Amino acid sequence: MKPLSIPNLLSACKSIRNLEQVHTQIIHKGAEQDHFVITRFISLCTSLFSNISYASSVFDRVLQPNIYLWNTLIKGYCKHSSLAQCISVFLRMKQSGNVVPDEYTFPSLLKACSSELALKEGQAIHGLIVRYGTEHDVFVGSSLVDLYGKCREIEFARKVFDGMCVRNEVSWTSMIVGYVNAGDLIEAKKLFDVMPKRNMNGQPNEAVEIFLKMQSMNIKPDEFIVVSLMSACSQIGSLEQAKWVDSYVSQSSLDLHQVHVLAALIDMNAKCGNMGRATMLFEKMPKRDLVCFCSMIQGLSIHGHGVQAVSLFRRMINEGITPDDVAFTVILNACSHAGLVEEGCRFFDSMINEYSLVPSTYHYACMVDLLGRSGKLRAAYELLKSMLVEPHAGAWGALLGACKLHNDIELGEEIAAQLFEIEPHNACSYVLLSDIYAAADRWLDVSFLRSQMIEMGVKKKPGRSLIYSAKPSVWYPYESVQ
DNA sequence: ATAGGGTTAG
């Protein structure tokens, strides 16, 4: 049996109640200033029990926290609190004067920026990373690649990636995901064109090529990588490529039982048009979860099987799975595409009244689309006006599209006026209204609108400067220099 | 001794 030391007691904690009991022991044994013990305590308190305020109060009693303690606390905040809170803890750390941020400090901060798409804050932190000389760490580099990729600053991501002296699977995944999300697989291909060619038995394409290059560089693809790869395939929608990846994944030693892997595999097959294979994988699952149901329902919807999508949704509920907001987006979308007005309205109603979900702007957009397409323009308009939150521009756009479809000039003008206010630089609404006028032979209105559109439509994106520091591999955006 | 990064459904 293990001795009843405090660290051992900590690792045995199964509930917050246990943790409080060990905390009593810590105070009793006078271990409140023991950095090792308190670090374990805070780590456990935040990661296992998500109790940042408790962790914070214990931290505050430590007189001279060391770097381990600060880093653990910052990670806790980054996981469970807002970016503003994380940065405020980081500033407290810097102002304490006892410790210097190191390569363990920055990854969690960058992750917090990444999840809030806080580019400016991320760039400021990038500046600090360079200042503290931690930019060559693989964790820091990967986090930066992830941050810039997520913020659609793919060139920054790439620059960091190129400057990294060590890269691992995480760095590669972050870079690939960045390119995938930017929809820029062509650029990815260009990068890998400078490396030796490999035979691919048929269809060369970008994501698979990246994948093969990784293998040739002895980077073993893990579950993360193949999920990214399959996500890329889903977006490209190529059946050939999906088949290739499917057979690779199925024959590999990768763990198909990891929930993300199978979910991505089903989603890829469903999106690429291989519903047969998707169905087989789906039905063979020992326990089907919400995500896989959604992938299947969406797959059916994409391929025009709206009625089947609805019945699969009903089966999901019968199997005891509770739909969430995403599931309702999927099914409302399916109803909208298949023109299943009655079913859609019933789902929308049950979403609110049975499942107590608050419809988002996306749900309203689906409903507006559904009602609008079937000619119930006024009902759609009333629904939009009844929204408590500000409607998404997409919802107005969908309704304007419906006005075009049903040649309703009066309502079209009313809605376009709202859209011009929300999105004055989006050409779509001008084009739609102009089409409505054209269909009614109101050419004067058309030409007026077109000239207005040209006037508003051309807007140059602001430029950006970069500066380079003494070391050529080190760079950061100009704004980050303080 | 104790601290850090990447993946799925709209």
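Fair warning: this is a prediction, and the values are worked out from it, not measured in the lab. Order of the sequence lines sets the chain letters (A, B, ...), proteins ahead of strands, with each chain counted from 1.
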>> Quick check: A:Phe282 with A:Phe293 (ring centres under 6.0 Å apart)?
In response: yes

> So, for A:Phe139 and A:Tyr104, is the gap between ring centers shorter than 6.0 Å?
Replying inline: no

>> For a quick check of understanding: with a heavy-atom distance under 4.0 Å over all strands, which category does A:Thr329 fall into, base, sugar-phosphate or nothing?
In response: base

> Within this structure, what is the CG-to-P distance between A:Leu265 and B:dT8, rounded to whole angstrom?
Replying inline: 15 Å

> Nearest of B:dA9, B:dG6, B:dG5 to any side-chain atom of A:Ser174?
Replying inline: B:dG6

> So, do A:Trp70 and A:Phe59 have ring centers that fall under 6.0 Å from each other?
Replying inline: yes

> Below 4.0 angstrom, N of the basic side chain to O of the carboxylate: do A:Asp60 and A:Arg92 qualify?
Replying inline: yes

> Of all of residues 29-45 of chain A, which get a heavy atom below 4.0 angstrom from DNA chain B, listed by number?
Replying inline: A:His35, A:Phe36, A:Thr39

> To the nearest angstrom, how far is A:Tyr104 atom OH from B:dT2 atom C1'?
Replying inline: 11 Å

> A:Glu103 has a side chain; which of B:dG4, B:dT8, B:dG6 sits nearest to it?
Replying inline: B:dG4

>> Any base atoms under 4.0 Å from A:Val330, or only sugar-phosphate, or nothing? Heavy atoms, all strands.
In response: sugar-phosphate

>> Ignoring hydrogens and geometry beyond distance, is the side chain of A:Ser142 in donor-acceptor contact with the base of B:dG5 at under 3.5 Å?
In response: yes

> When you measure from the side chain of A:Ala263, which nucleotide among B:dT2, B:dG5, B:dT8 comes out closest?
Replying inline: B:dT8

>> By the 4.0 Å heavy-atom rule, please label A:Gln258 as base, sugar-phosphate, or nothing.
In response: nothing

>> Stacking between A:Tyr68 and B:dA3, defined as ring centres under 5.5 angstrom apart with planes under 30°, is that present or not?
In response: no

>> Quick one, A:Tyr179 and A:Arg158 - any side-chain contact, counting heavy atoms below 4.5 Å?
In response: yes

> For A:Leu147 and B:dG4, what is the distance between atoms CG and P respectively, to the nearest whole Å?
Replying inline: 19 Å

>> As a test of reading the structure: which of B:dA3, B:dG6, B:dG4 is closest to the side chain of A:Lys111, going by heavy atoms?
In response: B:dG6

> Any side-chain N or O of A:Lys75 less than 4.0 Å from the OP1 or OP2 oxygen of B:dA3?
Replying inline: no

> Taking CD1 from A:Ile321 and C1' from B:dA9, how many angstroms apart are they, rounded to a whole number?
Replying inline: 13 Å

> A:Ile74 has an atom CD1; how far is it from atom C1' of B:dG4, in whole Å?
Replying inline: 11 Å

> Is it true that A:Phe41 and A:His23 have ring centroids separated by less than 6.0 Å?
Replying inline: yes

Report all side-chain donor-acceptor pairs from residues 77-85 of chain A shorter than 3.5 Å, counting only partners two or more places apart or in another chain.
from, atom 1, to, atom 2, distance (Å)
A:Tyr77, OH, A:Ser56, OG, 3.0
A:His80, NE2, A:Thr46, O, 2.7
A:Ser82, OG, A:Gln85, N, 3.3

> Expressed in angstrom and rounded to an integer, what is the separation of A:Leu144 atom CG from B:dG5 atom P?
Replying inline: 14 Å

> Quick one: which of B:dG4, B:dT7, B:dA9 gets closest to the side chain of A:Lys271?
Replying inline: B:dA9

> Atom NZ of A:Lys150 and atom C1' of B:dG6: how far apart are they, to the nearest Å?
Replying inline: 7 Å

>> Side chain of A:Ile67, heavy atoms from C-beta onward: which of B:dA3, B:dG5, B:dG6 has the nearest atom to it?
In response: B:dA3

>> Heavy atoms from C-beta onward define the side chain here; which of B:dT2, B:dG6, B:dT8 lies closest to that of A:Asn66?
In response: B:dT2

> Rounded to whole angstroms, how far apart are CG on A:Leu73 and P on B:dG4?
Replying inline: 12 Å

> Which pairs with one or both residues in residues 273-283 of chain A pass side-chain hydrogen bond (donor to acceptor under 3.5 Å, both in side chains), sequence neighbours excluded?
Replying inline: A:Asp246-A:Arg277, A:Ser250-A:Arg277, A:Glu283-A:Arg315

> What's the closest nucleotide to the A:Val227 side chain, out of B:dT7, B:dA9, B:dG5?
Replying inline: B:dT7

> If only side-chain N and O atoms of A:Lys79 are considered, is one of them under 4.0 Å from the OP1 or OP2 phosphate oxygen of B:dG5?
Replying inline: no

